[in-house]
Amino acid sequence: MFALVDCNNFYPSCERVFNPKLDGKPIIVLSNNDGCAIARSEEAKALGVEMGTPAHMIENLIRENDIQVYSSNYALYGDLSDRVMTILSGFVPDLECYSIDEAFLDTSQLYGQDLRQLGVTIRKTVHQHTGLPVSIGIAPTKTLAKMANRYVKKNRIAGGVHWLSNAEAVQEVLQFTKVGDIWGIGPARSRVCLRHGFKTAYDLSRAPDDWVLKKMSVVGHRLLQELRGIPCIEWELEPPPKKNIGSSRSFGKLMTQKIDIEQAVANYMATCAGKLRKQGSCAGKIHVFIQTNPFRTQDAQYFRSITMSLPVDTSSTPELIRYALKALDIIFKPEFNYLKVGVMVLNLVPEKQTQSGMFDNKDRGKDRQIMKTVDTVNKALGKDLVRFAVQGFENRYKLRAAHISPRYTTRLTDIVKITA
DNA sequence: TCTGGGGTCCTAGGACCC
DNA sequence: TCTGGGGTCCTAGGACCC
């Protein structure tokens, strides 16, 4: 049995933990740059705020209903997430952190126990220790556990836990779930299903295998098995090393100067390189892209990207920056209003497996030592104080975050003060 | 007059997730 | 004025080899 624990409206709930005045009020949390609503409290959903709506399109709705608006505060959400995961790991031998607000718990060793009761205890404990509400779905496969979890939220199941402990319970949830709401069915596959008369997860679970295989490939077929209670999606208890690492951001305002864009590229690449070293990998390729704002129809549009193979696999920040700037130089054209640039490192290999190039006369050992020192110093200071010249210190492209809450749990000066 | 077949590797793009 | 960011997996099709 898999138990899926999912925090309810995670970001808005995090904001509530340290600001109880928000209880019962509609809250939305915005994406980077305060662009779109990416998380909503139940009250905000009830007011009709859809996922991904641009903030500027709902200004009236926000004003008229006194919707509380927050910029994303990932320092806060990430820290609360860690706390929830730590609590959950105390209940079961194994768990898989699936996303910032979800974890699968392995309950297979608890055979014969009342798993619903276990779920109720877990939920109570998480709430007691963090102030965050969670829902729990328990089922024979991950897909069904996801579905059971959603069922809890949609039907406000008492206790916040639903255990699909027998065939009838499974069938009820399958019949309740529309195909488009199945984990793994997006708009494209949903259209295919509906066109052929499969409206619910129950319908799909009875579809012929060869039809599913043909129309929805092996991905769809695995999903079909999962709906039938046969686990096909395995545990991933250790997060596997990343195969690509990317960093991209929209600018706070449109940019035209190459020097500003170079600074952004250098900083994004520094971020990627840091993550790269953290997982002990080197990159064999880099990718750089640049684009204008597609929503500004009055502007000339430009989108270009370039992938560049590196002569030697590397994780050195200055070296990666140098290549990224070379790549940018090839694709950059003046006279456009740029909205966004991004970089990626690809073809990642473990550091120990890297091959040295035939004409490589760089002292790699020394280079690695320097980067190690930079990482150590920056980690100790808690921010990227040691930087390379091209990264600059003042950036003109910085994000808008007009409604950000304090970093209550990760910055000493932001700690909640209580006066008695 | 006639122009193979099978395999591997790589890349771009689609679909999906949170 | 104003529309997010970071990933994974799969497939089709081209290049190349024998």
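In what follows, chains are A, B, ... by sequence order, proteins preceding strands, each numbered from 1. Predicted model only: the values in this text are computed from it and were never measured.
The CE-P distance, from A:Met216 to B:dG14, rounds to 20 Å in whole Å. Per the geometry, CG belonging to A:Leu346 stands 10 Å off P belonging to B:dT11, to the nearest Å. Rounded to a whole Å, the OH atom of A:Tyr74 is 9 Å from the P atom of C:dG5. Rounded to an integer number of Å, the gap from NZ of A:Lys243 to C1' of C:dC9 is 8 Å. Rounded to whole Å, the distance from CE on A:Met51 to P on B:dC17 is 12 Å. One interatomic measurement links the two molecules: CD of A:Glu236 to P of C:dT8, which rounds to 10 Å at whole-angstrom precision. Rounded to an integer number of Å, the gap from A:Asp6 CG to B:dC18 C1' is 10 Å. The separation between A:Asp34 atom CG and C:dG5 atom C1' is 15 Å, rounded to whole Å.
Closest approach to the A:Arg222 side chain among C:dC10, C:dC2, B:dC16 is made by C:dC10 (side chain taken as heavy atoms from C-beta onward). The A:Ser99 side chain lies nearest to B:dC18 when the options are B:dC18, C:dT3, C:dT1. Closest to the side chain of A:Ile38, out of C:dT8, C:dG4, C:dC2, is C:dG4. In the set B:dC18, B:dA15, C:dG7, C:dG7 carries the atom at the smallest distance from any side-chain atom of A:Lys275. Closest to the side chain of A:Arg249, out of C:dG5, C:dC10, C:dT3, is C:dG5. For A:Asn293, whose side chain is taken as the heavy atoms from C-beta onward, the closest listed nucleotide among B:dC17, C:dT3, C:dT1 is C:dT3. In this structure, the nucleotide among C:dC10, B:dC18, C:dT3 sitting nearest to the side chain of A:Ser217 is C:dC10. The A:Val218 side chain lies nearest to C:dT11 when the options are B:dC18, C:dT11, B:dA15. Across B:dC16, C:dT1, C:dT8, the shortest atom-to-atom separation from the side chain of A:Asn244 is found for C:dT8.
A donor atom on one side chain and an acceptor atom on the other are not found under 3.5 Å apart for A:Asn33 and A:Ser250.
When the C1' atom is used for both B:dG4 and C:dC16, the distance is 15 Å, rounded to whole Å.
Nearest-nucleotide positions on DNA chain C place A:His56 closer to the 5' end than the other of A:Ser250 and A:His56. Two residues, A:Pro241 and A:Cys36, neighbour DNA chain C, and the one matched to the more 5' nucleotide by heavy-atom proximity is A:Cys36.
In this structure, A:Pro187 reaches the sugar-phosphate backbone alone: every heavy-atom distance under 4.0 Å involves primed, P, OP1 or OP2 atoms, never a base. Counting any heavy atom pair closer than 4.0 Å across all strands shown, A:Ser247 reaches sugar-phosphate atoms only and no base atom. Within 4.0 Å of A:Asn32, counting heavy atoms only, lie sugar-phosphate atoms of the nucleic acid but no base atom. Heavy atoms of A:Leu254 sit nowhere under 4.0 angstrom from any nucleic acid atom. Nucleic acid contact class of A:Ala55 (heavy atoms, under 4.0 Å, all strands): none. Residue contacts for A:Lys242: at a heavy-atom cut-off of 4.0 Å it reaches the sugar-phosphate backbone alone, with no base atom in range. Residue contacts for A:Ile245: at a heavy-atom cut-off of 4.0 Å it reaches the sugar-phosphate backbone alone, with no base atom in range. Within the nucleic acid shown, A:Arg191 has no heavy atom closer than 4.0 Å to any nucleic acid atom. Using a 4.0 Å heavy-atom distance criterion, A:Ile100 is classed as making no nucleic acid contact.
Remark: side-chain polar atoms of A:Glu226 are paired, donor with acceptor, to backbone N or O of A:Thr143 under 3.5 angstrom. A donor-acceptor pair under 3.5 Å is absent between the side-chain atoms of A:Asp106 and the main chain of A:Val92, judged by distance alone. Formation of a donor-acceptor pair under 3.5 Å by the A:Ser81 side chain with backbone atoms of A:Ile100 is found in this model. In this structure, the side chain of A:Thr292 engages the main chain of A:Tyr302 through a donor-acceptor pair within 3.5 Å. In this structure, A:Ser72 contributes its side chain and A:Leu30 its backbone to a donor-acceptor pair below 3.5 Å.
Note on A:Arg228 versus A:Asp209: salt bridge recorded, some NZ/NE/NH1/NH2 to OD/OE distance being below 4.0 Å.
At C:dG5, one or more side-chain N or O atoms of A:Lys340 fall inside 4.0 Å of OP1 or OP2 (strictly under the cut-off). Distances shorter than 4.0 Å separate some side-chain N or O of A:Ser248 from OP1 or OP2 on C:dG6. Under 4.0 angstrom from either OP1 or OP2 of B:dT11 there lies at least one side-chain N or O belonging to A:Lys285. At least one side-chain nitrogen or oxygen of A:Lys146 sits closer than 4.0 Å to the OP1 or OP2 atom of B:dC18.
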A:Arg83 and A:Asp79: salt bridge (charged side-chain N to carboxylate O under 4.0 Å, His left out), yes or no, with the steps?
CA-CA 7 Å; A:Arg83 295 177 190 216; A:Asp79 185 62; 3.1 Å; yes
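Applying side-chain contact (heavy atoms from CB on, under 4.5 Å) to A:Ile27 and the options A:Arg40, A:Arg16, A:Glu43 leaves one that passes, A:Arg16.
Geometrically, A:Lys142 engages A:Phe104 in a cation-pi contact defined by less than 6.0 Å to the ring centre and at most 45° from the axis.
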Let's test your reading of the pairing rules: Watson-Crick or G-U wobble, both distances under 3.5 Å, then write DNA chain B as a dot-bracket string with ( ), [ ], | and dots.
....||||||||||||||
